[in-house]
Participant: 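Let me begin by handing over the structure; questions about it come next.
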Number of protein chains: 2
Amino acid sequence: MNILIIEDDRTISGLMGRTLTGAGYECGFAYDGEEAEELFDSHPWDLVLLDLMLPKVSGYDLLEYIAPSKTPVIIVSAMGQVNDRIRGLKMGADDYICKPFQVAELLARIEAVIRRTAPAEDVFEYRGVVVNNSSRTVTKDGEEVALTVKEFDLLNMLINNRNVALSRRQLYEYVWKEEYFGETRTLDNHIKRIRQKLGYEDVIKTVFGIGYRMEVA
Amino acid sequence: MNILIIEDDRTISGLMGRTLTGAGYECGFAYDGEEAEELFDSHPWDLVLLDLMLPKVSGYDLLEYIAPSKTPVIIVSAMGQVNDRIRGLKMGADDYICKPFQVAELLARIEAVIRRTAPAEDVFEYRGVVVNNSSRTVTKDGEEVALTVKEFDLLNMLINNRNVALSRRQLYEYVWKEEYFGETRTLDNHIKRIRQKLGYEDVIKTVFGIGYRMEVA
DNA sequence: AGCCTCATGAACATTCTTATCATCGAAGAC
DNA sequence: GTCTTCGATGATAAGAATGTTCATGAGGCT
């Protein structure tokens with residue numbers, strides 16, 4: 001696994017590097033936006049850690065530059081205003097971590113992102129339901145089921161995190177790319193429709209007080 | 001292990017420093033809020049000891065600043081500032097200690113916090129009961145047992161402090177994030193339900209006059 | 001314009017959770 | 001042994017979280 005660390009502060013960059021190397025990843029380092037673009041192009045990366053405050057080329061521009069390649073990105077930023085988090089997610093980042101961070105937290109997030117962006121099987125099958133990612137189609141017992149965009153994304157989030165309890169916030173912010181305040185029943189409605197359409201009433205479990213979990217044997 | 005001591009009273013700060021150094025920790029010192037922010041950013045810390053009454057930047061602001069990084073925090077507050085303690089816990093602190101404190105107690109709390117904030121095992125297993133943290137599920141002899149949020153959190157607190165007697169106050173304030181007055185039987189009831197659901201009648205021991213202890217071989 | 005589909009959130013229904021009370025039983029103090 | 005304090009238990013009602021229905025409006029398409 002190759003991870004590109006884009007971070008101008010060498011102390012932090014070094015800390016990240018040591019941590020990740022110790023955990024068995026290989027790392028590349030860029031210390032400003034220009035370097036980052038070059039290094040990004042010169043080599044295939046499995047994941048990018050991106051500091052938003054960079055010299056020369058802004059982190060956001062870089063994110064735009066990286067996004068088309070579908071390489072997963074974790075934003076690393078000083079003190080997280082919510083806006084950065086949301087804006088980052090909107091622009092295609094996969095997760096967000098605040099400096100200063102605990103190394104354990106960094107590793108956990110990296111693993112989580114890799115798990116859920118990774119070779120997301122193109123085809124997921126369970127209980128007669130087939131979800132095909134590249135064609136974005138879903139069938140149940142051979143018959144096509146029409147899912148809307150939001151429903152499809154939400155379903156995918158659940159599938160990629162099967163057997164993990166996801167909070168309402170995580171689900172909402174990941175799918176809607178907006179901050180979650182929790183005062184509407186929108187998420188519930190979408191969950192309901194997915195359950196109905198796929199006959200997944202007992203596959204997508206409610207985790208009371210937390211969120212939802214897709215339970216797959 | 002690096003511990004950041006944020007405390008404006010140099011006498012106390014010094015005492016803490018000597019104690020912790022003697023116990024094999026490395027310490028950093030900040031004497032007001034501004035200094036604290038800088039020092040916190042400049043170096044990764046494993047734990048922060050935070051006095052809430054600080055010059056320049058309030059302890060609460062600091063706590064807000066620190067919280068996103070998930071670095072464990074122990075609040076150090078003057079005797080009787082109950083509200084501080086609770087508000088601190090609500091804001092994400094992990095424990096608190098009142099001045100004046102016993103050196104031994106300080107060390108004990110630090111060890112306890114480090115132990116329980118350490119990458120808690122995702123899965124705990126004992127006597128046929130399996131507690132899975134990421135999916136937030138519990139099974140007994142293979143069958144799923146439904147625990148409520150409070151029950152689950154309480155169980156986790158006990159597990160993370162296995163074989164240690166925890167006071168009712170600690171348990172209650174940690175799980176409920178409210179002050180414990182001790183005039184209700186709420187905690188008892190939750191303990192009762194956990195014991196019942198998991199068949200842990202003799203695993204979760206009552207420590208008469210103190211609280212409870214989870215006894216695991 | 002007229003006809004769709006879809007996301008949304010208000011209002012209401014339902015289910016689940018939790019605090020508290022009253023009562024009983026156990027442990028410790030004397 | 002008696003008294004006192006503390007813990008256990010079961011029932012219940014208030015409250016919180018989630019589920020469902022439905023009306024609305026935005027936006028796309030013909």
Side-chain angles (χ1 to χ4, degrees), chain A residues 90 136-138 144-158 165-215, chain B residues 86 136-138 144-158 165-215:
Chain A
K90 272 192 183 160
R136 281 185 82 93
T137 53
V138 179
E144 178 149 0
V145 178
L147 288 196
T148 70
V149 177
K150 288 262 195 318
E151 287 164 5
F152 193 86
D153 289 350
L154 185 50
L155 177 60
N156 249 308
M157 178 74 170
L158 289 166
L166 296 171
S167 71
R168 287 167 161 268
R169 171 175 297 273
Q170 275 182 296
L171 289 166
Y172 190 87
E173 293 192 346
Y174 185 83
V175 173
W176 275 261
K177 306 196 186 306
E178 276 175 25
E179 191 179 357
Y180 178 70
F181 291 104
E183 47 213 6
T184 75
R185 307 249 60 75
T186 302
L187 179 57
D188 308 45
N189 268 306
H190 286 260
I191 290 283
K192 181 194 142 202
R193 264 181 258 114
I194 295 174
R195 279 174 169 161
Q196 227 167 33
K197 289 183 179 178
L198 306 185
Y200 269 10
E201 284 85 357
D202 56 338
V203 175
I204 300 176
K205 304 265 190 192
T206 301
V207 185
F208 207 97
I210 306 286
Y212 298 92
R213 166 167 41 88
M214 171 132 173
E215 209 158 82
Chain B
I86 300 303
R136 281 188 86 93
T137 52
V138 179
E144 179 152 357
V145 178
L147 289 197
T148 71
V149 179
K150 288 266 197 307
E151 287 164 5
F152 194 87
D153 289 350
L154 184 52
L155 176 60
N156 253 310
M157 177 75 170
L158 289 166
L166 296 171
S167 72
R168 290 168 158 268
R169 172 173 298 269
Q170 271 184 299
L171 287 167
Y172 188 87
E173 296 191 345
Y174 184 82
V175 173
W176 275 262
K177 305 198 186 306
E178 273 175 27
E179 188 182 358
Y180 178 70
F181 292 105
E183 47 210 10
T184 74
R185 308 251 56 81
T186 302
L187 179 58
D188 307 59
N189 268 298
H190 285 262
I191 292 283
K192 179 195 116 195
R193 265 181 255 114
I194 295 174
R195 279 173 168 160
Q196 230 168 34
K197 289 183 177 176
L198 306 185
Y200 268 11
E201 285 84 358
D202 56 339
V203 175
I204 300 176
K205 304 269 189 190
T206 301
V207 185
F208 206 93
I210 306 289
Y212 299 91
R213 167 167 40 88
M214 171 132 172
E215 210 155 86

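Lettering of chains follows the sequences in order, A, B, ..., and the numbering in each one begins at 1.
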Participant: OP1 or OP2 of C/dT20 versus the side-chain N and O atoms of B/T186: is any pair under 4.0 Å?
Facilitator: yes
Participant: Counting any heavy atom closer than 4.0 Å, what does A/Q196 reach on the DNA or RNA strands: base, sugar-phosphate only, or nothing?
Facilitator: nothing
Participant: Is there a side-chain contact between B/Y212 and B/T206 (heavy atoms, below 4.5 Å)?
Facilitator: yes
Participant: Rounded to the Å, how far apart are A/E183 CD and D/dA16 C1'?
Facilitator: 16 Å
Participant: Without decimals, in angstroms, what is the distance between A/I204 CD1 and D/dG19 P?
Facilitator: 11 Å
Participant: Decide whether a cation-pi geometry holds between B/K177 and B/Y174; the criteria are a distance under 6.0 Å from NZ or CZ to the six-membered ring centre and an angle within 45° of the ring axis.
Facilitator: yes
Participant: Does a side-chain N or O of B/K192 approach OP1 or OP2 of D/dG7 to a distance below 4.0 Å, or not?
Facilitator: no
Participant: D/dC6 P sits how many Å from B/Y172 OH, rounded?
Facilitator: 18 Å
Participant: Roughly, in whole Å, what's the span from CD1 in A/I191 to P in C/dA7?
Facilitator: 13 Å
Participant: Quick check on D/dA17: is either OP1 or OP2 less than 4.0 Å from any side-chain nitrogen or oxygen of A/T206?
Facilitator: no
Participant: Phosphate oxygens OP1/OP2 of C/dT17: is one of them under 4.0 Å from a side-chain N or O of B/K150?
Facilitator: no
Participant: So which nucleotide from C/dT20, C/dA7, C/dA10 ends up closest to the side chain of A/H190?
Facilitator: C/dA7
Participant: Within the pair A/Y212 and D/dG19, is there a side-chain N or O less than 4.0 Å away from OP1 or OP2?
Facilitator: yes
Participant: So, does B/R168 get its side chain near the phosphate of D/dC6, meaning an N or O under 4.0 Å from OP1 or OP2?
Facilitator: no
Participant: Roughly how far, to the nearest 0.5 Å, is the OG1 atom of B/T186 from the CZ atom of B/F181?
Facilitator: 12.5 Å
Participant: Rounded to whole angstrom units, what separation is found between the CZ atom of A/R185 and the C1' atom of C/dA13?
Facilitator: 12 Å
Participant: For the CG atom of B/L187 and the NZ atom of B/K192, what is their distance to the nearest 0.5 Å?
Facilitator: 13.0 Å
Participant: Does a side-chain N or O from B/W176 land closer than 4.0 Å to OP1 or OP2 of C/dT18, or not?
Facilitator: no
Participant: So what does B/F152 hit on the nucleic acid, given a heavy-atom distance under 4.0 Å: a base, only sugar-phosphate, or nothing?
Facilitator: nothing
Participant: Heavy atoms under 4.0 Å, any strand shown: does B/T148 hit a base, just sugar-phosphate, or nothing?
Facilitator: sugar-phosphate
Participant: What are the two closest heavy atoms between B/M214 and B/Y200, and how far apart are they?
Facilitator: CE-CE2, 3.7 Å
Participant: Whole-Å distance between C/dA7 C1' and A/E178 CD?
Facilitator: 11 Å
Participant: Starting at the 5' end of DNA chain D, which residue's closest nucleotide do you reach first, A/G209 or B/F208?
Facilitator: B/F208
Participant: Quick one: the side chain of A/N189 and the base of D/dG19, do they pair up donor-acceptor inside 3.5 Å?
Facilitator: no
Participant: Report the nucleotide, chosen from C/dT20, D/dG7, D/dG19, that has the shortest atom-to-atom distance to any side-chain atom of A/R195.
Facilitator: D/dG19
Participant: Nearest whole Å is fine: how far is D/dT21 P from A/D188 CG?
Facilitator: 13 Å
Participant: Could you walk me through whether A/D188 and A/R195 satisfy the salt bridge (charged side-chain N to carboxylate O under 4.0 Å, His left out) test, starting with their C-alpha distance in whole Å, then the side-chain angles of each, then the deciding distance to 0.1 Å, before giving a yes or no?
Facilitator: CA-CA 10 Å; A/D188 308 45; A/R195 279 174 169 161; over 6 Å; no
Participant: Calculate the interatomic distance between A/R193 atom CZ and C/dT5 atom C1'; express it in whole Å.
Facilitator: 11 Å
